[in-house]
Amino acid sequence: MPDNNQIASLFEKMAVLCELNGDNVFKVRAYQKAALILKNLERDVSVMSIDELIAIKGIGKSIAAHIKEISEKGSFSEFEELKSKYPAGLLELTEIRGLGAKRAKILYEKLKVDSVNKLYEAAKSKKIRALDGFGEKFENSIIEAIEKKSALPQRFLYHNAIKIAREIVAWLKNNGYKKVEYAGSLRRRKDTIGDIDILYVGDGSGMVKFAKSEFVKDVLSLGQQKASFILKNNIQCDIRVFKENEFGAALCYFTGSKAHNIRLREIALKRNLILNEYGLFSKSSKEKIAGKFEEDIYKKLGLVYIPPELREDSGEIEMAQSGKKFDLVELKDIKGDIHCHSAYTDGANSIDEICDYLSKRYCWAYIGDHSVPLNFVKGLDFKSYIKTRNEVLSINKKYKNKFFERSVELEILKNGELAFEKEQLKDVSLVIAAVHTSLRLNRKEQTERMIKAINNPYCDVVAHLTQRIINERDEMDMDYDRIFEVAAKNGTIFEVNGQPDRMDLNDVNIKRVISLGLKVVLSSDAHSIEQFDYIEYSLNNVRRAGLSRKDVLNCLDFKEFKDFIEENRKRRGGL
DNA sequence: GCCGTTTTCGGCCCGACTGTTTTCAGTCG
Ligand SMILES: Nc1nc2c(ncn2[C@H]2C[C@H](O)[C@@H](COP(=O)(O)OP(=O)(O)OP(=O)(O)O)O2)c(=O)[nH]1
Ligand SMILES: [Mg+2]
Ligand SMILES: [Mg+2]
Ligand SMILES: [Zn+2]
């Protein structure tokens, strides 16, 4: 069964093919939109009925039928037909910056260019400039774009991108610009970031100066209101300049997402208004109605303010129209962390140091560590768990009104058993079950393994369920639908791991487990004191999933949390 | 291809930068 992302990727390819085929641009956009919808959808479309599919805004009869066909056959005939019309290499041409479908089509028809290699040859041998509507500069820009393409990686970790963004904001402020913000996917706090989007109040001279700064490797474009650069670390940076009284509208525009912007602009039109990055205007008189403050844009469109994390056009506009304020969980609501590592296994700090730090930060915490059989990190056996738990409890006595306990990141063995015996498990305060080995079992085996673990009454929390490592390792191949179904019966708590390259569960999976009535728990999975801040990345994901305090167990008091765990075990036949 | 509190046909967000360009198309945000 293909998952939503796989189906989305087919529709993205279909969009490119339609473009190359010279189809209606709105048909192309319909496929792009459908792909986006699927990527943000928490339900598995492959098991939905045609009627259910059509009920989704942006999915109609044709695309619903395609989804059905893909679910059964892995692809759809219209796509396969179109694909067979063109060489496979043609699809990759539009990935070259500055080359879109229109000119790719001409290059293919006139010069038989059907791959990036042939495009490069054609440009080098100066054949492109001879074509009507093409020229020397275009030819050179193509050569440059191809030569530099391989250096550009996919998407960046939020953790890495935000650091660079903050440096650039500071640089602009140092250069005298008082109002500077990062926007785009960074402000929406997506787990991966395509580029760094920055806006400031001032004039174009700031961008000219930035172009000559240490940050910049290449200048892609440089105008009066906007510029694009490739930075030294190969990330793209887009900068826009505005006037003070435009800043709210500008921030709204540049924060996006694109789909969210389009919805806002459509709502404006229905009210006889025009929304762009400079403000909200009356369509007839051109009079300005809002622009200085972002809040005013939403207000004048009849919407409550929408937190940036939710701006994906995945239901937030409808919620904002209902008039009810958003109530997302905040950092100050977090009362404890459950998952970290001490020097007993692969952490950098002693339990003493960890407790000292956490006593200043939280009301409570579970200090964790790896378990057997992870020998390479000196995973704890049951005896050493008990011994070190006593150490935690004794250290706890030093702190008034703080509660420290011991958790263990317990291995889910290849056969789905937990690494400690049942008799031992009842003496473990918090079991955070995790897979770290045998990641490549086949789908069926991996699914059964996970289900067996989840059915264990002592499997309190499942850590980083999918085991993805962003840009390095895909999610484990499992039947997530079934796993979540079993989890719903067990009341399983899913961890939202905040390690920058994990951020697992992601936003969409969080929505999925919450819709099943389950709760999540945030964790930094800190391996050193500094890494306790990674819980902010978990927070990003749950805010993007729209969660409030009631869905996040870190917002409970210690006793409430402990009771929750115990209740859960009892109900499932443990204790 | 999708959609509809005027619509089942005729619209579909809006603007900056570049170069193919002297009034606009292509591409991108
Ligand atoms: N109205 C409108 N706004 C757009 C369009 N494309 C982009 N934007 C706005 C919203 C985006 O969030 C913002 C920045 O564009 P980006 O291409 O950098 O996208 P974004 O940062 O959302 O995602 P990314 O992680 O960079 O891929 O510009 C568009 O076609 N129309
Ligand atoms: Mg961006
Ligand atoms: Mg951008
Ligand atoms: Zn861990």
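Throughout, protein chains are lettered first and strands after them, A, B, ... in sequence-line order, and every chain is numbered starting at 1. The structure displayed is predicted, hence computed values, not measured ones.
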Examine [N]: is either OP1 or OP2 under 4.0 Å from a nitrogen or oxygen in the side chain of [X]? Give yes or no.
X: A:Gln236; N: B:dC28; result: no
X: A:Asn261; N: B:dC13; result: no
X: A:Ser62; N: B:dC2; result: yes
X: A:Arg263; N: B:dC13; result: no

Item to check | Beyond-backbone contact of A:Leu41 with A:Ile56, side-chain heavy atoms, under 4.5 angstrom | outcome: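 Yes, their side chains come closer than 4.5 Å.
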Next on the checklist: Could you tell me if the side chain of A:Leu220 sits less than 4.5 Å from the side chain of A:Phe229, heavy atoms only?
Outcome noted: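 They are not in contact (no side-chain heavy atoms under 4.5 Å apart), so the answer is no.
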Checklist entry - Considering only the P atoms, how many Å lie between B:dT27 and B:dT21, rounded to the nearest integer? => result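 Result for the P pair: 15 Å, nearest Å.
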Next on the checklist: Using atom P in both nucleotides, what's the gap between B:dC13 and B:dC2 to the nearest angstrom?
Outcome noted: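 These two P atoms come out 15 Å apart once rounded.
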Base, sugar-phosphate, or nothing: which does [X] touch, judged by heavy atoms less than 4.0 Å apart?
X: A:Leu275; value: sugar-phosphate
X: A:Tyr31; value: sugar-phosphate
X: A:Glu78; value: sugar-phosphate
X: A:Lys102; value: sugar-phosphate
X: A:Phe134; value: sugar-phosphate

Report the nucleotide, chosen from [options], that has the shortest atom-to-atom distance to any side-chain atom of [X].
X: A:Ile63; options: B:dC13, B:dC17, B:dG1; answer: B:dG1
X: A:Asp195; options: B:dG1, B:dG29, B:dG26; answer: B:dG29
X: A:Lys137; options: B:dC17, B:dG1, B:dG19; answer: B:dG19
X: A:Arg265; options: B:dC13, B:dT18, B:dA16; answer: B:dC13
X: A:Glu266; options: B:dC13, B:dG1, B:dG15; answer: B:dC13
X: A:Gln225; options: B:dG29, B:dC17, B:dT27; answer: B:dC17
X: A:Arg240; options: B:dC12, B:dA16, B:dC3; answer: B:dA16
X: A:Ser221; options: B:dG1, B:dC13, B:dT18; answer: B:dT18
X: A:Asp238; options: B:dC13, B:dG29, B:dG1; answer: B:dG29

Donor-acceptor under 3.5 Å ([X] side chain, [Y] main chain):
X: A:Arg544; Y: A:Arg188; answer: yes
X: A:Asn4; Y: A:Arg43; answer: yes
X: A:Asn175; Y: A:Trp171; answer: yes
X: A:Asn272; Y: A:Lys283; answer: no

Next on the checklist: Return whichever of A:Glu95 or A:Glu139 has its heavy-atom-nearest nucleotide of DNA chain B closer to the 5' end.
Outcome noted: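 Closer to the 5' end of DNA chain B: A:Glu139.
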Item to check | First encountered from the 5' end of DNA chain B, between A:Lys270 and A:Gly223 | outcome: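 The residue mapped nearer the 5' terminus is A:Lys270.
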Whether the side chain of [X] and the base of [N] hold a donor-acceptor pair under 3.5 Å is what I'd like checked.
X: A:Asp197; N: B:dG29; value: no
X: A:Arg97; N: B:dT27; value: no
X: A:Tyr278; N: B:dG15; value: no

Checklist entry - Is there a Watson-Crick or G-U wobble partner for B:dT8 with both distances under 3.5 Å, and if so, which one is it? => result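 Result: none.
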